[in-house]
Amino acid sequence: MGSFNLFCFFIIIFHVFVATPIFSHSSSSISTKFLDLAKSPEVFDWMVRIRRKIHEYPELLYEEFKTSEVIREELDKMGISYKHPVAETGVIGYIGTGKPPFVALRADIDGLPIQEMVEWEHKSKVDGKMHACGHDAHTAMVLGAAKILKHHEDQIKGTVVLVFQPAEEGGAGAKRILEAGVLDKVSAIFGLHVAPAHELPVGHVASKAGPLMAGSGMFDATIHGKGGHAAMPHFAIDPVLAASSAVVSLQQLVSREADPLDPQVVTVTNFHGDGAFNVIPDSVTIGGTFRAFSPESITRLKDRIHQVITGQAAVHRCTAEVDFHEDKKPLYPATINDDKLHEHFLEVAKNVVGSENVHEMQPVTVSEDFSFYQEALPGYFFMLGMKSHSGEPLATLHSPHFTVNEDALAYGAALHASLATTYLLNHDGANKVGGKYHDEL
């Protein structure tokens, strides 16, 4: 009797994956079937295994060699063609006709320099490195969508481009992907992020049209004075005082100069001066970040940060150099969701998770390099809920205690697959959903 049940199970799986022409149905029917497929043991358990495998060996920006290898091994098993390396360690996969229209799904693949403090079977095996931002889950979900789509490749009306992107965490990997030219023919791109901080339950999503996440930049400054004995400050030129004045003055760039209706942030996050308790140092270094939702505001903040630091140094008889590190980390633009893609997302998400589980969110001042894609083509980014229905709180992103609720993987994979396929079905070459029309790959 057990053997008979097992036989029936495989017959059902075969029928669901192979025999059912799902793309001939409505977008609502497609989305429902994709969620059922994503929850099936064949897909869900497989995603969990991949996510845990990647989690055990986190790699930092542009060093994601093992992660890239895992991705390529899975694509090979599924018979999905790809390009590699792209932007050092990135992988770009292709499912469908190889002809237009083209739509992309993006997953970031890098980890963080954080020591994991979560004690579990699949804890990071690399000291000082951890997937503390959910990129392991993002990768597993795009692979899950790929598995679903590959089984229905003959029904895809165009080409789905899988973007496994390195170096989201400060390395502007998205910019490098664009510079490689692999998305030149893509009409639209979708991405998501797991969202413990937004208190979204599993099976819920949140986003909005327009500005969603802030653009950002970073700065470091060295203020030079003349060291001396703390008991005789008149013989010194005190860089500590100059740096302190600069820190206070920087706070006024938002409170006194920014439009209250244009959210901006300037935060000084470090202040260092070498020396003993009774020694005025020769120099002091300060550093921090600035954030805003428009290119004009980002540029203004950058210019004014330079002016304030050098100006306050001069007032106190010091000199200063300010470095914005744009050679290593370019200024990130704001993440701005395309209006037409927002309408598309709402329709698809309501079909996948139910209209009552689709939420409008307020903009947040964290940054995301998905914004580089949105500067080049229509793009849409959304948050995926992870909070368990029991209400157990989750640690925030970039915490050594961060965990992923793996129940969310099925929803992410189904949403990815549904967003891509229904976009292609609705895309008539005349910007019906949004984007551009191109020649073959």
Side-chain angles (χ1 to χ4, degrees), residues 60-62 64 68 83-93 102-110 112 133-135 138-139 142 161-193 207-219 289-299 301-302 324-342 345 363-383 397 416 419-420 434-436 438:
L60 305 185
L61 67 171
Y62 298 118
E64 307 95 333
S68 176
K83 291 182 179 179
H84 170 271
V86 179
E88 303 290 347
T89 54
V91 181
I92 308 295
F102 298 92
V103 63
L105 302 174
R106 177 269 206 161
D108 37 15
I109 65 174
D110 55 323
L112 285 160
C133 201
H135 296 188
H138 300 169
T139 302
V142 170
V161 181
L162 312 170
V163 181
F164 297 98
Q165 176 215 304
E168 189 278 329
E169 298 290 356
K175 189 171 185 291
R176 293 279 300 275
I177 292 285
L178 287 167
E179 290 170 350
V182 291
L183 301 186
D184 288 350
K185 297 178 181 180
V186 171
S187 300
I189 186 168
F190 295 94
L192 63 76
H193 207 296
S207 193
K208 68 180 292 291
L212 180 72
M213 305 169 81
S216 69
M218 60 182 292
F219 67 92
T289 182
F290 54 102
R291 299 163 186 268
F293 286 91
S294 72
E296 297 79 14
S297 295
I298 285 285
T299 299
L301 286 176
K302 177 188 170 187
F324 292 94
H325 300 289
E326 291 185 78
D327 56 333
K328 299 178 182 177
K329 182 183 181 297
L331 297 178
Y332 277 31
T335 302
I336 302 175
N337 280 337
D338 182 84
D339 290 341
K340 290 182 179 179
L341 293 183
H342 178 62
F345 168 77
V364 292
T365 50
V366 296
S367 297
E368 163 63 60
D369 82 345
F370 188 85
S371 58
F372 286 105
Y373 299 124
Q374 293 173 315
E375 283 196 321
L377 67 151
Y380 197 86
F381 198 76
F382 63 97
M383 302 297 168
L397 300 172
H416 273 315
L419 285 165
K436 301 171 286 186
H438 297 279

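Taken to the nearest 0.5 Å, the CD1 atom of Ile298 stands 5.5 Å off from the CZ atom of Phe290. Between Phe381 atom CZ and Gln374 atom CD the span is 8.5 Å, to the nearest 0.5 Å. In this structure, Cys133 SG and His138 NE2 are separated by 6.5 Å, a value rounded to the nearest 0.5 Å. We find the CD1-CG distance between Ile189 and Asp338 to be 12.5 Å, quoted to the nearest 0.5 Å. Distance check: Ile336 CD1 to Leu212 CG gives 10.0 Å after rounding to the nearest 0.5 Å.
Inter-residue side-chain proximity for Pro330 and Lys175 is flagged as met; some heavy-atom pair is nearer than 4.5 Å.
A side-chain donor-acceptor contact under 3.5 Å links Ser68 to the backbone of Thr89. Judged purely by atom type and a 3.5 angstrom limit, Thr289 has no side-chain atom pairing as donor or acceptor with the backbone of Met218. With hydrogens and angles ignored, the 3.5 Å screen pairs a side-chain donor or acceptor of Ser371 with a backbone N or O of Glu368. Side-chain atoms of Glu64 come within 3.5 Å of backbone N or O of Ala167 as a donor-acceptor pair. The closest donor-acceptor contact from the side chain of Asp110 to the backbone of Glu168 lies under 3.5 Å.
Listed by chain and residue number, Ser216, Arg291 satisfy the side-chain hydrogen bond (donor to acceptor under 3.5 Å, both in side chains) test with Ser367 (two or more places apart in sequence, or in another chain). Legend: residues meeting side-chain contact (heavy atoms from CB on, under 4.5 Å) with Ala87, ordered by chain and number and at least two apart, are Pro166, Arg176, Ile177. Listed by chain and number, the residues in a salt bridge (Lys or Arg N to Asp or Glu O under 4.0 Å) with Lys302 are Glu326 (sequence neighbours excluded).
For Leu61 against Gly171, the heavy-atom pair with the smallest separation is CD1-CA, 3.5 Å.
There is no side-chain donor-acceptor pair under 3.5 Å between Asn337 and His342.
Ring geometry for Phe382 versus Phe345: interplanar angle of 30 to 60°, hence tilted. The aromatic rings of Phe219 and Phe324 sit tilted, their planes meeting at an angle between 30° and 60°.
A ring-centre distance under 6.0 Å is not found for Phe190 and His416.
Ion pairing of Arg106 with Asp369 is present here, as a side-chain N (NZ or NE/NH1/NH2) and a carboxylate O approach within less than 4.0 Å.
Looking at Thr335, Leu183, Val186 one by one, the single match for side-chain contact (heavy atoms from CB on, under 4.5 Å) with Tyr373 turns out to be Leu183.
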